[in-house]
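In what follows, every heavy atom counts, from backbone to side chain, and hydrogens, waters and symmetry copies are set aside.
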Amino acid sequence: MRIDIMTLFPDVVGDMLCESILGRGQERGFIRIECHQIRDFTTNKQKQVDDYPYGGGRGCVMLAQPLYDCWKHICDEAGRKIHTIYMSPCGNLFNQNRARELQQKHDRLIIACGRYEGVDERFIEECVDEELSIGDFVVTGGEIPAMAVADAVCRLVPGVLPDEECFIDESHWDGLLEYPQYSRPEIWQNRRVPEILLSGHHENIKKWRREQSLIRTQERRPDMFEKLKNESGK
């Protein structure tokens, strides 16, 4: 899996995605993340990437041409059109299922990061296959959402995590939130680890964890719980 990220801050994004698990995944060749400076594809001395919006309004809009030239450079280098995502508060809500689909269906992705008041709509119409949002809120740029999507997709690539169990047992994989986790010491601040986890009885532990996942989901995400009930026909 390779992900190319179009951004005005390639060093910041690249450094973050080269750390820890994703960094080791890149070192071992399971994934590759490349960041591209959009300013390198401008045609003016000032390396201007934005201008005032037609129709008036506050702020500036990122220009279509440098975005397109950056996108085309990546696709030309690959020798084909690459599935392209634009991070936008107007996009479809990103979730674990979409992360799984992207990992399974594509061996390469482009993620475009907007700034200011967004990007010229014509770039979206010409180059973008889908718009994604990480929530019903607005941040100052697409870099943080792009890193979230890249992380969620890349960790599903075989070999990045030690075992499939590392992600299939987590929140949102099967429509539930993950059960509570505990580590050493057995007692901390007068709070004790549940006895069942100390029993060594794996089947009972598995049952307890399932029950805790159901309880947690019902309490914290009743919308998820109702969806799960409807899908199971109960």
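Inter-residue side-chain proximity for V119 and I124 is flagged as met; some heavy-atom pair is nearer than 4.5 Å. For the pair E211/R216, no side-chain contact is recorded, criterion being any heavy-atom separation below 4.5 Å from C-beta on. Side-chain atoms of F9 and I38, non-hydrogen and from C-beta on, never get closer than 4.5 Å to each other. Looking at heavy atoms from C-beta onward, V128 lies out of side-chain contact with I85 at the 4.5 angstrom threshold. Contact of the M87 side chain with the I134 side chain is registered, since non-hydrogen atoms from C-beta on lie closer than 4.5 Å. You'll find the side chain of R100 reaches within 4.5 Å of the side chain of Q104, heavy atoms only. Side-chain contact between N92 and S133 is absent, with no heavy atoms from C-beta onward closer than 4.5 Å. Contact check for W188 versus V193: no side-chain heavy atoms found under the 4.5 Å cut-off.
M16 contributes atom CE, which lies 8.0 Å from atom CD of E19 (distance to the nearest 0.5 angstrom).
Minimum heavy-atom separation, K81 to C127: NZ-O, 3.8 Å. The nearest pair of heavy atoms linking R122 to D120 is NH2-OD2, 2.7 Å. Of all heavy-atom pairs between R115 and G141, the closest is NE-CA, 3.6 Å.
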- Task: Check step by step if side-chain contact (heavy atoms from CB on, under 4.5 Å) holds for H36 and I74.
- Result: CA-CA 9 Å; H36 305 265; I74 299 169; 3.6 Å; yes
- Task: Evaluate the criterion salt bridge (charged side-chain N to carboxylate O under 4.0 Å, His left out) for residue pair R191 and E186; output intermediate values, then yes/no.
- Result: CA-CA 8 Å; R191 297 176 184 270; E186 184 178 328; over 6 Å; no
- Report the C-alpha separation of M224 and Q218 in whole Å, then their side-chain angles, then the decisive distance to 0.1 Å, and conclude whether the side-chain contact (heavy atoms from CB on, under 4.5 Å) test is met. CA-CA 8 Å; M224 288 174 57; Q218 186 174 23; over 6 Å; no
- Task: Show the numbers, then the answer: is there a salt bridge (charged side-chain N to carboxylate O under 4.0 Å, His left out) between D107 and R80?
- Result: CA-CA 12 Å; D107 64 350; R80 59 185 170 95; 3.0 Å; yes
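In the model, N230 has no side-chain atom that pairs as donor or acceptor with a side-chain atom of E226 under 3.5 Å. No donor-acceptor contact under 3.5 angstrom links the side chains of E101 and H106, judged on distance only.
Without hydrogens or angle criteria, T217 side chain to L177 main chain gives a donor-acceptor distance under 3.5 Å. Side-chain atoms of R32 never come within 3.5 Å of backbone atoms of I3 as a donor-acceptor pair (strictly under, hydrogens ignored). Under a 3.5 Å cut-off, the side chain of Q46 and the backbone N or O of Q48 do not form any donor-acceptor pair. Counting only distance, with no hydrogens or angles, the side chain of T84 and the backbone of I82 share a donor-acceptor pair below 3.5 Å. Side chain of E143 to backbone of T7: no donor-acceptor contact under 3.5 angstrom is found. Using modelled atom types, one side-chain atom of Q37 and one backbone atom of L8 make a donor-acceptor pair closer than 3.5 Å. Remark: the backbone N or O of R108 is not paired with any side-chain donor or acceptor of R2 at under 3.5 angstrom.
Grouping the Ile, Leu, Val, Met, Phe, Trp and Tyr side chains by contacts below 4.5 angstrom, directly or via other members, places V139 with L132.
For D40, there are no salt bridge (Lys or Arg N to Asp or Glu O under 4.0 Å) partners two or more places apart in sequence or in a different chain. For H73, the ring pair (Phe, Tyr, Trp, His ring centres under 6.0 Å) partners two or more places apart in sequence, or in a different chain, are F41.
Screening R221, K227, R220 against D223 for a salt bridge (Lys or Arg N to Asp or Glu O under 4.0 Å) leaves a single residue, R221.
Pairs of residues two or more places apart, or lying in two chains, never qualify as ring pair (Phe, Tyr, Trp, His ring centres under 6.0 Å) while including a residue from residues 112-147.
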